[in-house]
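Comments concern the structure below.
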There are 2 protein chains.
Amino acid sequence: MTGRRIKNMDEFAKLSDISRPTLSKYFNDAESVRKSSRVKIEAALEKFDYRPNMFAINQNRKLTKTIGIVVPYLADPFFSEIVRRIERRCIDAGFWPVVFSAHGQKGLESNALAILQSLRPAGALIAPLGRHSDFEVVQQFTKEVPTVVFDSNVDVGKAFVGSNNSQSIGLIVDYLCRTGEPPCFLEMPPVNPNANKRRDAYVQAMERLGHDPQVIRADGTGWEFERIGLEAGMRLITTRSLPSETILCSNDRLAIGLLAAAYQKGLRVGHGPGCALRVAGHDDHPWSQFTCPPLTTVAQDFTAIAEKSVETLFEIIKNNSTTVDRPEFVFDGKLVLRASA
Amino acid sequence: MTGRRIKNMDEFAKLSDISRPTLSKYFNDAESVRKSSRVKIEAALEKFDYRPNMFAINQNRKLTKTIGIVVPYLADPFFSEIVRRIERRCIDAGFWPVVFSAHGQKGLESNALAILQSLRPAGALIAPLGRHSDFEVVQQFTKEVPTVVFDSNVDVGKAFVGSNNSQSIGLIVDYLCRTGEPPCFLEMPPVNPNANKRRDAYVQAMERLGHDPQVIRADGTGWEFERIGLEAGMRLITTRSLPSETILCSNDRLAIGLLAAAYQKGLRVGHGPGCALRVAGHDDHPWSQFTCPPLTTVAQDFTAIAEKSVETLFEIIKNNSTTVDRPEFVFDGKLVLRASA
DNA sequence: GAGAAATGTTTACGCGAGTAAAAATAATAT
DNA sequence: ATATTATTTTTACTCGCGTAAACATTTCTC
């Protein structure tokens, strides 16, 4: 390609010998122009390296090709993995994903939504902070922008996609009860609806199986779950106040902290003989296979959640609605048996 | 505020009784208008909730307020943490950070740079993939956009900010040699310049101390360092081919994998009596304090790297250059002693 | 090969703001 | 109060592209 930089579409139109409106159509949807034009345009693109100005494009299009993705905490591997998948799908569909992280803070979430809104996105995929969201702001946003809510089922938006907490918790509670002492439940701080849903699911599952539910609340705030788990673990082990030698944590990050506490206290974790504790998690975080011992957990179906979210959003964008009123899609978890329980 | 949505600045100008050019100035820099105007505008903003259209703004401004951030792998906690800090600083300075992740793939990196360039950013902060980058593309990008390179010192851009690998590796090698058997070095796949720099630093440090350097190459490709570390560890332990009972890993994620391998093989890791291995890492990843045992490592100064990068970029944007020709700022690491070595 | 259907070109206007220049007004100094 | 300076208002043009309408050309169908 030549060094020559092309300023705008008019210039490129002259050089490629194609009219500007046709070029405009091409860039909007390459299939919408005749094949002979397409090859001409693509040949010219090879030669001149022009790309349309994003801002000018989006200023005029009634529907932008921008898709906003807002997550509460991008440093959480759960979200970085799910975002990765979502981004991929958006790009493949010719959209332009823009990612925002609230970094666990209400103010930043509101800010992200405001910036996002000024981008006039075609739609948005958001996992709200939950309890710490500025509900008004989120609701206002979803009124203006077609939105699919995922992971954290706050009652806004046009659809929800997430995990079937009651199924997945039921699954692991059942497993733990079959193979040893019924578990107590180490609950994360209730940052979002999942926290309560999982606890309730635990209680129900235990009662269904005729056991006494034992919920321990790990105190602490924010999203540093490993630290919270570690501190709770140290405290519980030191004061010998664990109601069961089997502990189900409401997420893997908490479990990772708990495993660290057990290790530091010299307690062997696992399901074999000679083990003092069994620890299980929930989510199957990318790191859970590398813990010591590897963590038994319930896998959330990242891929399914990501794909269904994107698919649903595309449908909403296309038809300007879903067939049902705010459908909720939840995916079952799968038991992942490793050494920890 | 009233429900009424304001379409554009003209409309807002009428409602707030301030001329449009003055409003334009205000949104560009609130301090640039007279105080009396400012309070009037801000009162109107309270009342009407208007925000300028991002696309229209950026179309004409010679310098956008957009800052591009490109990292090789956002799911790596090192990058998510550093990005978090960079974003914060940009927002505080009135810029709009846009984050892209290459997800470890050359094609996606090139794509991200292309999209970013079409955003006409005021500047960019990029951590190139390194060996897997399309060097041509990256170089071309940095010619058009004022760029600070961080973490991975690929020879492009107007400045580099990163860690002083030779100091930090020297530090930990020294510590390990003082306190036990001199370490061998478990090297990560050479995805970027840091890989080789750290290995060379290790060799130098060992030679300086009069020991025989022993480098083990963990094979594997991509960014799944934990898995690579785990597999290398299993192999090395099973075949008893570890040249030293002390192992320095070229990063923490590799070390996390190695710790998992040691655990699974029943080898006790730590610096106390009764331990079969000592393991140390490099970076002080957010997870390193929760490993079993907690990981001894060298902390990279995330905050300093993030701040210096941003600061340098702002200087470049402002003066259109730095005082020196492509300065390189490197920060010393700090020894973090935990239980693993 | 004629007529219909599909696609392309020409022309012209709009989007929402940045920005420059001249005129008008306000704030400050003398 | 007058002169001086700092802002603001008015007016008008620009940016790069979407898009609509009228017309011209190509491609397809029988």
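In the text below, chain A, chain B and the rest are named by the order of the sequence lines, each starting its count at 1.
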message: Using the side-chain heavy atoms of B/P21, tell me which of these nucleotides is nearest: C/dT11, C/dG16, D/dT11.
response: D/dT11

statement: Comparing A/K7 with A/S36, nearest DNA chain D nucleotide closer to 5' gives the residue A/K7

message: Would the base of C/dG18 count as contacting B/R20 through its side chain, where contact means a donor and an acceptor less than 3.5 Å apart?
response: yes

task: Can you tell me the distance, in whole Å, between the CD atom of B/Q59 and the P atom of C/dT19?
output: 12 Å

Nearest-nucleotide pick for B/N28, side chain only, options being C/dT19, D/dT19, C/dG16: C/dT19

query: Taking B/N194 for the side chain and B/D151 for the main chain, is one N or O donor matched with an acceptor at less than 3.5 Å?
result: yes

message: Can you identify which nucleotide, out of C/dG18, C/dT9, C/dA27, has its nearest atom closest to the B/R34 side chain?
response: C/dA27

- request: Could you walk me through whether A/F302 and A/F331 pass ring pair (Phe, Tyr, Trp, His ring centres under 6.0 Å), step by step?
  value: CA-CA 9 Å; A/F302 290 13; A/F331 291 95; over 10 Å; no

- prompt: For the ring pair A/F314 and A/F95, is the centre-to-centre distance below 6.0 Å?
  reply: yes

statement: A/M9 atom CE is separated from D/dC15 atom P, nearest whole Å, by 16 Å

task: Would you indicate, yes or no, if C/dA17 has its OP1 or OP2 atom less than 4.0 angstrom from a side-chain nitrogen or oxygen of B/Y50?
output: yes

message: Between P on D/dC15 and CE on A/M54, what's the gap in Å once rounded to a whole number?
response: 21 Å

- prompt: Do B/K308 and B/E311 sit within salt-bridge range, that is, some charged N less than 4.0 Å from a carboxylate O?
  reply: yes

field: Distance, rounded to the nearest Å, where A/R120 contributes CZ and C/dG16 contributes C1'
entry: 8 Å

message: If you compare every side-chain N and O of A/S37 against the phosphate oxygens of C/dG8 (OP1, OP2), does one of them come in below 4.0 Å?
response: yes

- prompt: Has B/S19 got a side-chain N or O lying under 4.0 Å from the OP1 or OP2 atom of D/dT10?
  reply: no

query: Whole Å only: how far is the CD1 atom of A/I41 from the P atom of C/dG8?
result: 8 Å

- line: Winner on side-chain proximity to B/I57, out of C/dT19, D/dT7, C/dG18, is C/dG18

message: Is B/T22 close enough to D/dT9 that one of its side-chain N or O atoms is under 4.0 Å from OP1 or OP2 there?
response: yes

message: Distance check needed: D/dC17 P versus A/F12 CZ, whole Å only.
response: 11 Å

- line: Looking only at D/dT26, C/dC15, C/dG16, the nucleotide nearest the B/N53 side chain is C/dG16

- prompt: Do the side chains of B/R38 and B/R34 get nearer than 4.5 Å, heavy atoms only?
  reply: no

- prompt: A/F55 CZ to D/dT14 P: how many Å, rounded?
  reply: 22 Å

message: Please report the distance, rounded to the nearest Å, between CG in B/D10 and C1' in C/dT19.
response: 14 Å

- prompt: Using a cut-off of less than 4.0 Å, is there contact between a side-chain N or O of A/N8 and OP1 or OP2 of D/dG16?
  reply: yes

